[in-house]
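These notes are about the structure you will find just below.
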Amino acid sequence: ILLFIAVYKLTYSLFKNKAVALLSLMLSLSPLTLKALGIVPRAYDSYLVPRFTSISLALFSLYLFMDDRYILSSVIASIAFILHPLTPIAVIISLFLYLLIKKDMKAFFYSMIAFLVISSPLFYKFIFHHNHGTFFVNKEHLYIIKHIGKQIYPFPLLWRPRAWRSLVIVSLLFLFGIFIKRRKDGLTKNDKKAMLLFATSLFLFLINIIFGELMPISIVMQLQLSRSIIFIYWLSILYTSLLLWYLLKEKNYIYRLMSISLITILLNTISNRLSPPPVPFTLLWTGILFFIAILKNNVPSYIHHFLEQKTGKIILGSLTFITFIPPLFYISINPYSAIVHVPHHYLTSLSKKNRAWIDVQLWAKRHTNINSLFLTPLYPPYSRPTFRVFSERSIVFTIEDNAPLIFSYNYAKEYSKRYKDFKDYKNLSAKDLEHLAQKYHASYIVIENDTPKLDLPLVYKNDDFKIYKFSQID
């Protein structure tokens, strides 16, 4: 709810237009948007992650910033910072930069005091209880993060081309929105604030590449400044909503067709899950429509006549909807891209093996001691949700435990050691599995049915998994 209030208020502060604010709210309500921008998770594993609340608070802080309530904006941003320090950095920096540029030292001073006071527990913990390690990142640490833990998102140079393409497209959508706004209504103070946030986010992104990846400094890498680009995506949504409003107001039907293409580009670029062909094709077609609309009155009369006839309208409309079909088809056949998993239908969107995996967890919860320790398989397609979610029991290792790698070299070394022990879990012999259970003092061993039988008490079995009891002390 806070997110939607923030989006509506922020859009209205920017454009003073309720229709545009409602358009941005509609785009924000898309499950594709919510998941891609880190607001709603896909699985139970992530429901209570503070990042989701922090993003909503950061957007609300941004609304207050646009509304010139700088001290309150700083307070809300500080709360977001407490919840998830990595999320609101771009908003906080933009706020203080703007006040310095404006030379409003009184607002700057009070906003800074509010931020430092509210965030003081984090700064205290960082200064006195944080293991700072070396100034530059240890090479072994970096290798574990990238190649064993597969933590790619903090390192943009390892991103796939479509992730870079997505960033470029949303940046261009925002800049095009600024350009059209300047031509139509002129830029306001709030547009300049939005441009400052855009520039700040890109600058932090560049800092992340240089000092978090090329010459990795520990603290810069841990801050994961590449996360700042999430605000570029949100700005793109807001200014695309304005572009849609301009297009829908035009009497020329070609502009209205362009609005359909624009929605397709935005949602599927933000989702960053489509294979390469659909978005570039839609981009190309949108460009063609744009030039047709501009040159319509400067073309030979027979072409102008054709465009105004029913046949011409049907052809252009059909081609526009064709660009909409591939992404729509992809979404309809891929529940992981289109559906947000919520409790009442979580199981229905999972495979038979996923459900069997959850049954194993539920048995563990009902029939084992709360202090029991499990050996479990590692990999998809059935490893989500991870074993801890429904079992509420501890496990020795899962590949999903990679999130803290970036913050601790000691943790990374332990993760690497356990990864080497578990990476061939499915192919381990009965003797190796028992040795592994003994090494980590495990109480139970969970294996798939097609793996060798263990010479241990079998306590549970379903169509896909078996549980053996290893320790008599449970």
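Between F65 and Y98, the ring-plane angle classifies as perpendicular under the 30° and 60° cut-offs. Under the 30°/60° scheme for interplanar angles, the aromatic rings of W159 and W164 are found to be tilted. Relative orientation of the H147 and Y143 rings is tilted, given thresholds of 30° and 60° on the angle between their planes.
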Stepwise side chain to side chain donor-acceptor pair (under 3.5 Å) check, N402 with Y419: CA-CA 10 Å; N402 58 357; Y419 174 81; over 6 Å; no
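Here the straight-line distance linking atom NZ of K150 with atom CD of E400 works out to 13.5 Å at 0.5 Å rounding. A distance of 9.0 Å separates CG of N17 from CG of D185, quoted to the nearest 0.5 Å. How far OG of S74 is from CD1 of I118: 6.5 Å, rounded to the nearest 0.5 Å. In this structure, the separation between OG1 on T53 and CG on L3 is 10.5 Å, given to the nearest 0.5 Å.
For Y415 (side chain) and I399 (main-chain N/O), a donor-acceptor pair under 3.5 Å exists by modelled atom type.
Taking the side chain to side chain donor-acceptor pair (under 3.5 Å) definition, one finds that K181 meets it with D191, sequence neighbours left out. For K189, the salt bridge (Lys or Arg N to Asp or Glu O under 4.0 Å) criterion is met by D68, not counting sequence neighbours. In terms of the salt bridge (Lys or Arg N to Asp or Glu O under 4.0 Å) criterion, residue partners of K417 (sequence neighbours excluded) are, by chain and number, E414. Evaluation of the side chain to side chain contact (heavy atoms under 4.5 Å, CB included) rule for N190 yields S13, L14, M66, T188, K193 as partners, not counting sequence neighbours. Legend: residues meeting salt bridge (Lys or Arg N to Asp or Glu O under 4.0 Å) with K184, ordered by chain and number and at least two apart, are E250.
Between F15 and Y239, the distance from one ring center to the other falls under 6.0 angstrom.
For NZ of K9, the number of neighbouring non-hydrogen atoms (other residues, nucleotides, ligands) closer than 6.0 Å is 12 at most. Under a cut-off of 6.0 angstrom, the local environment of CZ in F203 is sparse, with at most 12 non-hydrogen atoms contributed by other residues, nucleotides or ligands.
For the residue pair S24/T11, the side-chain donor-acceptor check at 3.5 Å is satisfied. In summary, the side chains of T200 and S94 do present a donor paired with an acceptor at a separation below 3.5 Å, with no hydrogens or angles considered.
A cation-pi contact links K413 to Y409, judged by a cut-off of 6.0 Å to the six-membered ring centre and 45° from its axis.
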Throw together a table of side-chain donor-acceptor distances under 3.5 angstrom for residues 102-113, partners on residues two or more places apart or in other chains.
residue: K102; atom: NZ; partner: Y70; partner atom: OH; Å: 3.4
residue: D104; atom: OD1; partner: A107; partner atom: N; Å: 3.2
residue: S111; atom: OG; partner: A107; partner atom: O; Å: 2.7

